[in-house]
Amino acid sequence: MTSPPVRPPRRRNVIPGFGLTFGISALWLSIIVLIPLATIFLRSAHMGLEQFIAVGLSPRALEAYRLSFGTAAAAGVVNAIFGVVVAWVLVRYDFIGKRLVGAIVDLPFALPTAVAGIALTAIYAPNGWIGQLFDPLGIRIAFTPIGITIALIFIGLPFVVRSVEPVLADLGRDVEEAAATLGASRWQTFSRVILPAIGPALLTGFALTFARGVGEYGSVIFIAGNIQGSTEIAPLLIVTQLEQYNYDGATAIAVVMLLVSFGVLLGINLSQVASRRRMGA
Amino acid sequence: MNRNPVSESRFARAALITIALLFLALFILLPLFAVFSEALKEGFDDFAEAVSTPDALAAIRLTLIVAAISVPLNMVFGVAASWAITKFDFRGKGFLITLIDLPFSVSPVVSGLIFVLLFGANGYLGPWLAEHDVRIIFAVPGIVLATVFITFPFVARELIPLMMEQGKEDEEAAISLGASGWQTFWHVTLPNIRWALLYGVLLCNARAMGEFGAVSVVSGHIRGITNTMPLHVEILYNEYDFVGAFAVASLLAGLALVTLVIKTVLEWRFNLHHAGARH
């Protein structure tokens, strides 16, 4: 398309529709997201601090947070390690079926969580394909925190791979060559040169896996066992409170979860801004 | 000694590829295979019977209805928001983009909870709604609202980066040649963004049909009335009707596979990047 003979002055925007499109966006955002989300804070403001602490930080709630945050962190660590291996293999090597492998990495984003939940339970139950291998050894996977962690590994798997992949692809080979010329072994080059470069992306992937894992429900409740105090995750506790029409209890737990998740994401964003500043980029 | 200084030994390569493939096979392919294997365990007849019971058909119908309402709503919103954000300069633009992404960082259960707090029997608008005999929670409107919330960012976040990159010269040219705003949108902008739009709609639809946590909180699990397919899977599973649960689940897994195939084709053909890692 050719440009117009006389360019309009820089400040004037000739494109119409700002009022309409901004109006639709602001209205829809308010109705669907902002007003509903605000109710949760409104409700907790009505409760009073004492009552909020009594429910939101009750021993049962604390057990649930510990389980949810602990298993989400464990899944994040596993995914960080294997996610880098998968991303590395997809970016650096050629092998048969590579495109197919690249495509199936996204399956956890596309597969409904309840489907993943019952499938993993069938596999890891004591009579399941993998569960029966461990049952004679006295190791139970389904209905224990190990099972919860496995479900969260599945759900979070694409986050690290998709965060690290583009950074690894953009990484110039010249720094690696320089390191090798200076006598670094391949492992030294990886741990001292490549790992710091993909570090921020890796941290992002970990944080996304963690945040998703803390709130995850569908894939976890089938494999969790849902026993109070040992395999009851925080989102399930919210559902239990709601089923008893205890709206305040559900709200208090939800607020604690939201604050911790936002806190983690914010902290990671800030640390990345700081590291970018240090690198001078 | 390694000949090539910036590459690994053949052994290391083979080992890394093996580790990656085993990890993916164990955590992704095995569950997928388990769904279809369990669904067809008792033969195809039992499978066909399980997915054609009245309750299953009602669940399939409701899932299609919910997606048919919520996906177009979020499509219109996504296009409007991307137009406002990428064609104009205004204060608080970055903040607006952050707000659009907000539903991704909220637990599905909390996404359902907020609508219960608003419209539930003990919620802010509950008494008023009861007086006027309007049901939102434990009824279809609540399921639609929760689904719209969950899938809110999908279309916008595919379009915004692309339209930002494309700039606004094409639209400015069309306008200065006398095209109206709508003509410019239909004949200039839409052809430029159609594949990314399709990509966003595809992911939005997959999530809308598969959402479990948020819908579970607002649905009330009334068989045949407020049961979507994922909720029906749960009910059958909890009743120990495993073949039935996995049969309905296999339909959803099929949807996921079709989504992945179209998504991959779009990425190859039109060079659409993986739009960030957050879906």
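Only a predicted model underlies this, so the values are computations on that prediction, with no experimental measurement involved. A, B, ... follow the sequence lines: proteins, then strands. Residue 1 opens every chain.
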Chain B: which of [options] shares the most heavy-atom pairs with it under 4.5 Å?
| options | result |
| --- | --- |
| A:Ile118, A:Ile32, A:Ile24 | A:Ile118 |
| A:Phe154, A:Tyr247, A:Tyr217 | A:Tyr247 |
| A:Gly218, A:Ala110, A:Pro36 | A:Pro36 |
| A:Leu20, A:Thr204, A:Leu242, A:Val161 | A:Leu242 |
| A:Phe95, A:Phe82, A:Tyr93 | A:Tyr93 |
| A:Glu216, A:Arg43, A:Met257, A:Glu243 | A:Arg43 |

Given a strict heavy-atom distance threshold of 4.5 Å, which part of [X] is in contact with chain B: side chain, backbone, both, or neither?
| X | value |
| --- | --- |
| A:Ile123 | side chain |
| A:Leu258 | side chain |
| A:Ile253 | neither |
| A:Leu90 | neither |
| A:Ala103 | both |
| A:Asn79 | side chain |
| A:Phe190 | neither |
| A:Ala250 | both |

With a 4.5 angstrom heavy-atom cut-off, could you sort out which part of [X] is near chain A: side chain, backbone, both or neither?
| X | result |
| --- | --- |
| B:Ser250 | neither |
| B:Ser180 | neither |
| B:Leu16 | both |
| B:Phe115 | side chain |
| B:Leu73 | both |
| B:Val116 | both |
| B:Leu257 | side chain |
| B:Phe119 | neither |
| B:Leu21 | side chain |
| B:Leu252 | both |
| B:Phe27 | both |
| B:Leu202 | neither |
| B:Val217 | side chain |

Between atom [atom1] of [X] and atom [atom2] of [Y], what is the distance when rounded to the nearest 0.5 Å?
| X | Y | atom1 | atom2 | value |
| --- | --- | --- | --- | --- |
| B:Lys87 | A:Thr21 | NZ | OG1 | 11.0 Å |
| A:Ile81 | B:Ile19 | CD1 | CD1 | 11.0 Å |
| B:Ile114 | A:Leu37 | CD1 | CG | 4.5 Å |

Query raised in the report: Crowded around A:Leu182 CG? As in, over 12 foreign heavy atoms under 6.0 Å?
Result: yes
Please report the closest heavy-atom contact between [X] and [Y], naming both atoms and the distance.
| X | Y | value |
| --- | --- | --- |
| A:Ser25 | B:Ala80 | OG-C, 3.7 Å |
| B:Val35 | A:Val115 | CG2-CG1, 3.7 Å |
| B:Leu260 | A:Ile104 | CD1-CA, 4.4 Å |

Requested in this report: Kindly assign one of parallel, tilted or perpendicular to the pair B:Tyr237 and A:Phe222, based on the angle between their ring planes and the thresholds 30° and 60°.
Outcome: perpendicular
Side chain proximity check, [X] to [Y], heavy atoms < 4.5 angstrom:
| X | Y | result |
| --- | --- | --- |
| A:Pro16 | B:Ile175 | yes |
| A:Trp88 | B:Glu8 | yes |
| A:Val214 | B:Ser107 | no |
| B:Leu203 | A:Phe109 | no |
| B:Leu96 | A:Leu29 | yes |

Query raised in the report: Quick one: of B:Leu30, B:Leu26, B:Leu145, who has the most non-hydrogen atom pairs under 4.5 Å with chain A?
Result: B:Leu30
**Report entry** Closest-packed option against chain A by number of heavy-atom pairs under 4.5 Å, given B:Leu99, B:Thr259, B:Val233
**Finding:** B:Leu99
Query raised in the report: Can you list the steps and then say if A:Asn13 with B:Lys168 is a side-chain contact (heavy atoms from CB on, under 4.5 Å)?
Result: CA-CA 10 Å; A:Asn13 196 336; B:Lys168 50 189 181 185; 3.5 Å; yes
Query raised in the report: Any chance the rings of B:Phe88 and A:Phe22 have centres within less than 6.0 Å?
Result: no
